[in-house]
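In what follows, a single structure is set out as structure tokens and then discussed.
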Amino acid sequence: YTGKWFAFLTEGRSSASAGDERGDQRAAADATKPGRALAENDRDLNLHQAFVLIGNHKEFPLSIKLGRQEFIYGDQRTLGHFRWNNNARTFDAVKLRWQNPLFGVDVFTGGLVYNDNHNFNHSHINADHFSGAYFNFPTLSSNNIVESYIYARNVTVATARINLDALGNPYAGVAAPFRNPPKQDLYTAGLRVKSKPNAYGPWDESFELMHQFGDRATTGPTALSSTMASAARLRQNAYAAIVQGGYTWTESAWQHRVGLTYSYASGDKNAADGTSQTFQNLFATTHLFYGYMDLNSLQNLHDIRVAYTFK
């Protein structure tokens, strides 16, 4: 429903695989059961989105969005809805938006919703808290979209006890992108500039720069809470950058475009120096840029991509 000052959305979701030969290796008794507890399985009809939106930016500069919702910002290199996956990504969050002719900002805080097969999916805000502010500056450049942002992800040792199996085992047999995160306090600051449509005729360009700081535990995501609690902390000092440009044959009915993109994300240089330089790409929609096999992401990366598209 969408009214002048009020809107709401409710969206359900169910995901299952049939005849899948991959078993759940977390318990020996389950190893021969096809498809059991796979990351893409969430068989119950679950709540994907349910939010209310109060406000009308044509009449007043402030609005509020409250409830389970998707976050989609920029090119989704660090924060996106993950819609290619069977179980897309949502957050239980509150978001305030302020927009006037000079600048706009989304300020939000909440927690990632964890998929939990055979149970109601819910977030664990006290254990995995995500917040941020995303700015846009419509008058700063006549030819470019200019945006900046700051994100904070604060994870406690309690994440090691989320969604355990019957044997108290949280991660074995769960694909790496879907494992619970290690203890961390990471902050990511970024700047994104992208040319507006037709601002440079047939040419287009964009770049995005990111710096990540804070600290995180030396343990990996398979550690239990007792190990995570006593683990040493690594100082985070990581960077990422994306530069791209392209040319479109605008007079062609097929709008042929050739583009070149370079992606860089830092990796760790010394495992014993107490500092981590491996960039953590947070909640990206990685398939858009680095392949459907999930062999690469925006960390420890030099990637050159040449693309040809038409529509």
Open item on the list: Pair Glu11, Arg83 - check salt bridge (Lys or Arg N to Asp or Glu O under 4.0 Å), show working.
Closed with: CA-CA 14 Å; Glu11 180 182 2; Arg83 276 276 183 174; 3.3 Å; yes
TODO: Show your reasoning for whether side chain to side chain contact (heavy atoms under 4.5 Å, CB included) applies to Tyr290 and Leu301.
DONE: CA-CA 10 Å; Tyr290 306 116; Leu301 181 75; 3.7 Å; yes
Open item on the list: His287 vs Trp84, test: ring-ring contact (aromatic ring centres under 6.0 Å, His included). Steps then yes/no.
Closed with: CA-CA 7 Å; His287 270 203; Trp84 66 265; 3.4 Å; yes
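Between His124 and Tyr114, the distance separating the two ring centers is shorter than 6.0 angstrom. The ring of Phe130 has its center closer than 6.0 angstrom to the ring center of Phe283.
Interatomic distance, Asp215 CG to Asn237 CG, rounded to the nearest 0.5 Å: 12.5 Å. Between the OG atom in Ser63 and the CZ atom in Arg97 there is a gap of 7.0 Å [rounded to 0.5 Å]. For the atom pair Ile242 CD1 and Arg305 CZ, the distance stands at 12.0 Å (nearest 0.5 Å). Annotation: the span from Thr286 atom OG1 to Leu298 atom CG amounts to 8.0 Å, rounded to 0.5 Å. To the nearest 0.5 Å, atom CH2 of residue Trp5 and atom CD1 of residue Ile54 are 11.0 Å apart. Atom CG of Asn87 and atom CZ of Arg13 lie 4.0 Å apart (nearest 0.5 Å).
For the residue pair Asn154 / Tyr187, a side-chain donor-acceptor distance below 3.5 Å is found, with atom types taken as modelled. Looking only at atom types and distance, the side chain of Arg192 has no donor-acceptor partner in the side chain of Ser148 under 3.5 Å away. Defined by atom type and a distance below 3.5 Å, a donor-acceptor pair is present between the side-chain atoms of Tyr308 and His256. For the residue pair His129 and Thr109, a side-chain donor N or O sits within less than 3.5 Å of a side-chain acceptor on the partner.
Judged purely by atom type and a 3.5 angstrom limit, Gln277 uses its side chain to pair as donor or acceptor with the backbone of Lys269. Between the side chain of Gln255 and the main chain of Thr250, a donor-acceptor pair closer than 3.5 Å is present. Between the side chain of His57 and the main chain of Pro61, a donor-acceptor pair closer than 3.5 Å is present. The backbone N or O of Ser297 sits nowhere less than 3.5 Å from a side-chain atom of Gln299 that would complete a donor-acceptor pair. Here the side chain of Gln212 pairs a donor or acceptor atom with the backbone of Gln280 at under 3.5 angstrom. Judged purely by atom type and a 3.5 angstrom limit, Arg89 uses its side chain to pair as donor or acceptor with the backbone of Ala284. In this structure, the side chain of Gln236 engages the main chain of Thr278 through a donor-acceptor pair within 3.5 Å. The backbone N or O of Phe103 sits less than 3.5 Å from a side-chain atom of Asn100, completing a donor-acceptor pair. The closest donor-acceptor contact from the side chain of Gln69 to the backbone of Ala93 lies under 3.5 Å.
Side-chain contact between Ile64 and Val94 is present, with heavy atoms from C-beta onward closer than 4.5 Å. At least one side-chain heavy atom of Gln99 sits under 4.5 Å from a side-chain heavy atom of Pro138. Two residues are said to be in side-chain contact when any heavy atoms from C-beta on lie closer than 4.5 Å; Asn300 and Phe279 fail this criterion. Side-chain atoms of Val113 and His122, non-hydrogen and from C-beta on, never get closer than 4.5 Å to each other. In this structure, Phe120 and Leu47 have side chains that are in contact, with non-hydrogen atoms separated by less than 4.5 Å. Within the 4.5 Å cutoff, the side chain of Lys4 has heavy atoms near those of the Glu59 side chain. Two residues are said to be in side-chain contact when any heavy atoms from C-beta on lie closer than 4.5 Å; Gln76 and His81 meet this criterion. Here the side chains of Gln49 and Thr10 are not in contact, with every heavy-atom distance at 4.5 Å or above.
Residues Phe135 and Ile145 are members of separate hydrophobic clusters, defined by side-chain heavy-atom contacts under 4.5 angstrom among Ile, Leu, Val, Met, Phe, Trp and Tyr. Transitive grouping of hydrophobic side chains (ILVMFWY, heavy atoms separated by less than 4.5 Å) brings Leu209 and Val146 into a common cluster. One hydrophobic cluster holds both Val107 and Trp98 under the rule that ILVMFWY side chains link at heavy-atom gaps under 4.5 Å. Hydrophobic clustering, with ILVMFWY side chains joined whenever heavy atoms are under 4.5 angstrom apart, groups Leu191 together with Leu140. The hydrophobic clustering, which links ILVMFWY residues whose side-chain heavy atoms are closer than 4.5 Å, places Trp203 and Phe310 together.
Relative orientation of the Trp249 and Tyr247 rings is perpendicular, given thresholds of 30° and 60° on the angle between their planes. Aromatic ring orientation, Tyr1 versus Phe6: tilted (interplanar angle from 30° to 60°). Taking the six-membered ring where tryptophan is involved, the planes of Tyr239 and His211 are essentially parallel, since the angle between them stays under 30° and well short of 60°.
Tyr73 meets the side-chain contact (heavy atoms from CB on, under 4.5 Å) test with Phe71, Leu79, Lys95, Asp106, Phe108, Tyr134, Tyr151; sequence neighbours excluded. Scored by the side-chain contact (heavy atoms from CB on, under 4.5 Å) test, Ser195 finds Asn144, Tyr200, Asp204, Glu205 as partners (sequence neighbours excluded).
Judged by a 6.0 Å distance limit and a 45° cone about the ring axis, Arg77 is positioned over the six-membered ring of Phe289.
A salt bridge between Asp185 and Arg153 is absent, with no side-chain N of the basic residue lying under 4.0 Å from a carboxylate O of the acidic one.
Counted within 6.0 Å of CD1 on Ile304, heavy atoms from surrounding residues, nucleotides or ligands total 12 or fewer; the atom is thus considered open.
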